[in-house]
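Throughout, a chain's letter reflects where its sequence line sits, starting with A, and its residues are numbered from 1. Just so we're clear, the structure is a prediction, and the values are computed from it rather than from any experiment.
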Amino acid sequence: MGSYPFTQQKRLLKAQEYRQVFDQASYKISDRHMLILATANQFGQSRLGVIIAKKNIRLAVNRNRIKRLLRESFRHQTQFPISVDLVVMARSGINDLSNTELRQLLECQWQRLIKRLLKISYQT
RNA sequence: GGAGUCUACCAGGCAGUCGCUGCUUCAGUAUGAUUCGAAGUAGAGGAAAGUCCGGGCUCCACAGGGCAAGGUGCCAGGUAACGCCUGGGAGGUGCAAGCCUACGGCUAGUGCAGCAGAGAGAAGACCGCCUAAAUAUAACUCGUGAGUUAUGUCGGUAAGGGUGAAAGGGUGCGGUAAGAGCGCACCGCGCGCGUGGUAACAUGUUGUGGCAUGGUAAACCCCACUGGAGCAAGACCAAAUAGGAACCCGUUGGCGUUGCCCGCGUUGGGUUCGGGUAGGUUGCUGGAGGCUUGUGGUGACGCAGGUCCAAGAUGAAUGGCUGCCCAAGACAGAACCCGGCUUAUCGGUGGGCUCCCAUG
């Protein structure tokens with residue numbers, strides 16, 4: 001049975017690491033709830049960073065909820081063909097989604113990303 | 001039983017499974033640090049919120065005094081302290097239990113007050129009231145300036161009407177031309193004194209004043225009290241980089257000093273010190289701590305004993321999924337820590353008190 005741990009190595013921790021993703025973002029997936037930036041890394045495992053602006057989601061309780069759901073969904077996601085650094089930026093509409101809706105939406109976004117990644121890796 | 005009021009408390013639960021953070025123990029590589037693995041254990045709130053006050057803690061400033069700005073403001077007590085709490089007083093409100101109060105000083109000064117109204121602060125004559133004094137006209141009487149009556153002017157007047165939120169104490173009697181604290185009695189008010197109370201204040205007065213003292217100080221102002229900034233405080237370690245210091249090596253190197261030599265200036269390499277950016281460590285949770293027993297106090301709270309240890313993250317943990325149950329889950333997430341205040345909030349539980357109805 002898979003345990004899917006989520007340790008410090010699987011997160012973006014420093015401002016510099018976030019900046020790298022912003023500067024070299026080779027893949028972008030966007031809709032009205034969120035924006036996902038991604039870039040390939042050399043660590044052998046994918047890493048996640050989350051940005052939720054106070055302006056978009058006012059209450060700390062809701063910011064925590066979205067952050068946790070994002071992490072949980074990312075933790076169960078093991079199908080990336082190459083290791084990538086991700087930054088997920090929340091937009092204000094995301095707070096209207098229920099837990100179930102958000103989970104389904106994220107599942108869908110991961111599939112879109114995987115397709116893009118596969119396409120690139122075939123070309124190279 | 002119904003209605004109300006005050007106060008204390010709870011904040012969905014259980015099971016399975018996959019994770020996250022701290023701590024403890026065990027095991028492995030290779031001593032240790034560290035990392036990984038396993039097990040155990042702990043892991044948001046009554047408001048964690050707003051950041052509105054007060055402290056602890058840290059740094060800065062500090063001989064003493066003054067000025068400015070802001071805040072607080074009945075009295076006493078509690079407290080580390082407060083703008084908080086408790087008790088008391090005063091005023092308002094409710095049948096009551098209760099609740100509310102920005103509650104120092106406009107008999108220090110300055111200012112302000114729409115509309116209405118004659119007049120809004122050493123006030124005022126619109127209607128009304130008066131003809132005593134002054135004066136004008138007319139009539140009459142006595143007889144040449146006096147009297148009486150009538151009408152008016154000036155004048156007197158704050159009783160009555162009218163305006164207004166408010167008209168410069170109220171009622172009665174005297175008084176007067178009419179009136180008026182003008183005088184008196186009672187009531188009210190101020191001052192003084194007595195009594196009770198630590199005091200705010202209450203109460204009495206067979207003392208006194210003759211009404212002088214309208215409102216507004218979240219208007220200026222007067223009186224009393226009041227250092228500043230914050231954990232991104234502060235402390236430590238420390239790649240990089242700028243410009244430095246000391247020592248050593250070389251001085252047989254380069255450049256300049258007219259060509260050469262000496263000398264001088266400048267330049268080099270290494271080590272250490274210092275510096276402090278990125279980053280890291282610490283501050284960081286055992287405390288004005290919780291629970292409980294006794295005791296002092298009307299109470300807030302104090303004192304003494306016993307017992308317990310209850311989050312500590314740092315891109316930031318405390319969650320996801322599945323199933324079951326019910327009264328169907330609100331507001332909402334620690335970020336140095338406490339004491340308050342304010343605001344948000346689905347429901348529910350216990351206790352005290354008041355009023356109404358019924359029964360005994």
Next on the checklist: Pair A:Leu106, A:Val88 - check side chain to side chain contact (heavy atoms under 4.5 Å, CB included), show working.
Outcome noted: CA-CA 11 Å; A:Leu106 282 168; A:Val88 179; 5.6 Å; no
Item to check | B:G119: syn or anti, per glycosidic angle within 90° of 0 | outcome: anti
Checklist entry - With sequence neighbours excluded, what pairs up with A:Ile52 under the side-chain contact (heavy atoms from CB on, under 4.5 Å) test? => result A:Val50, A:Ile57, A:Arg63, A:Ile66, A:Lys67, A:Ala90
Item to check | Paired nucleotide for B:U31 [Watson-Crick or G-U wobble; both distances under 3.5 Å] | outcome: none
Checklist entry - Can you tell me how far P of B:G333 sits from CD1 of A:Ile52, to the nearest Å? => result 14 Å
Any N/O pairs under 3.5 Å between the protein and nucleotides 319-324 of chain B? List them or say none.
residue, atom, partner, partner atom, Å
B:G319, N2, A:Glu72, OE2, 3.3
B:C321, OP1, A:Arg103, NH1, 3.0

Checklist entry - On a whole-Å scale, what distance lies between the C1' atoms belonging to B:A219 and B:G66? => result 27 Å
Item to check | Syn/anti state for B:A310 [syn: chi within 90° of 0] | outcome: syn
Item to check | Gap in Å between the two P atoms, one belonging to B:A167 and one to B:A212, rounded | outcome: 14 Å
Checklist entry - Of all residues at least two apart in sequence or in a different chain, which pass the side-chain contact (heavy atoms from CB on, under 4.5 Å) check with A:Gln111? => result A:Gln79, A:Glu107, A:Ile114
Next on the checklist: Going by purine N1 to pyrimidine N3 plus the second Watson-Crick contact, or the G-U wobble pair, all under 3.5 Å, which nucleotide sits opposite B:A328?
Outcome noted: none
Item to check | Whole-angstrom distance between B:U203 and B:G227, as gauged at atom C1' | outcome: 48 Å
Item to check | Separation of atom CD1 in A:Ile57 from atom P in B:A332, rounded to whole Å | outcome: 15 Å
Checklist outcome for this item: Rounded to whole Å, CD1 of A:Ile66 lies from P of B:A316 at a distance of 16 Å
Next on the checklist: It should be established whether A:Arg71 places a side-chain nitrogen or oxygen under 4.0 Å from OP1 or OP2 of nucleotide B:A316.
Outcome noted: yes
Item to check | Integer-rounded Å distance: B:U318 C1' and A:Asn64 CG | outcome: 10 Å
Item to check | B:C59 to B:A63 separation - C1' atoms, rounded to the nearest Å | outcome: 23 Å
Next on the checklist: For A:Arg91, is there any backbone N or O sitting under 3.5 Å from a side-chain donor or acceptor partner on A:Arg32?
Outcome noted: no
Checklist entry - Only one of A:His33, A:Arg65, A:Arg58 clears side chain to side chain contact (heavy atoms under 4.5 Å, CB included) with A:Asn95; which? => result A:Arg65
Filtered N/O pairs between nucleotides 45-52 of chain B and protein, under 3.5 Å:
none

Next on the checklist: Pairing check on B:G268: which nucleotide meets the Watson-Crick or G-U wobble criteria with it, both distances under 3.5 Å?
Outcome noted: B:C249
Item to check | G-U wobble or Watson-Crick pairing nucleotide for B:A132 (cut-off 3.5 Å, both distances) | outcome: none
Checklist entry - Between B:G315 atom P and A:Leu37 atom CG, what is the distance in whole Å? => result 20 Å
Next on the checklist: Would B:A44 be called syn or anti here, given the cut-off of 90° from 0?
Outcome noted: syn
Next on the checklist: Strictly distance-based, threshold 3.5 Å: is any side-chain N or O of A:Ser46 a donor or acceptor partner for the main-chain N or O of A:Val84?
Outcome noted: yes
Checklist outcome for this item: Relative to its sugar, using the 90° cut-off around 0, the base of B:A212 is syn
Checklist entry - Can you list the residues that meet the side-chain contact (heavy atoms from CB on, under 4.5 Å) rule with A:Leu59, with sequence neighbours excluded? => result A:Asn62
Checklist entry - How would you list, by chain and number, every residue that makes a side-chain contact (heavy atoms from CB on, under 4.5 Å) with A:Thr39, sequence neighbours excluded? => result A:Val21, A:Gln24, A:Ser26, A:Asp85
Next on the checklist: Rounded to whole Å, how long is the line connecting atom NZ of A:Lys67 with atom P of B:A313?
Outcome noted: 16 Å
Checklist entry - What distance, rounded to whole Å, do you find between the two P atoms, one in B:A165 and one in B:U110? => result 29 Å
Next on the checklist: Need the pair for B:G299. Rule: Watson-Crick or G-U wobble, both distances under 3.5 Å, any strand; none if unpaired.
Outcome noted: none
Checklist entry - Which base, if any, makes a Watson-Crick or G-U wobble pair with B:U226, both distances under 3.5 Å? => result B:G70
Checklist entry - Should A:Phe22 and A:Met89 count as side-chain neighbours, where that means a heavy-atom distance under 4.5 Å? => result yes
Next on the checklist: Quick check on RNA chain B: between A:Val50 and A:Ala60, whose nearest nucleotide comes earlier from the 5' end?
Outcome noted: A:Val50
Checklist entry - Any side-chain heavy-atom pair from A:Arg116 and A:Ile29 closer than 4.5 angstrom? => result yes
Checklist entry - Looking only at heavy atoms, which two atoms of A:Asp96 and A:Glu101 are closest? And how far apart? => result O-OE1, 4.3 Å
Item to check | Rounded interatomic separation in angstrom, taking CZ from A:Arg63 and P from B:G315 | outcome: 17 Å
Checklist entry - Syn versus anti for B:G181, judged by chi lying within 90° of 0? => result syn
Item to check | Any strand: nucleotide that pairs with B:A49 via Watson-Crick or wobble, under 3.5 Å | outcome: B:U342
Checklist outcome for this item: Mate of B:A304 across any strand shown (Watson-Crick or G-U wobble, both atom pairs under 3.5 Å) is B:U293
Item to check | B:G56 versus B:C346 - spacing of their P atoms, nearest Å | outcome: 39 Å
Item to check | Distance, C1' atom - from B:G254 to B:G269, rounded to whole angstrom | outcome: 14 Å
Checklist entry - When you compare B:U101 with B:G94, how far apart are their C1' atoms, in angstrom units rounded to a whole number? => result 16 Å
Checklist outcome for this item: Of all heavy-atom pairs linking A:Ser73 and A:Trp110, the shortest is OG-NE1, 2.9 Å
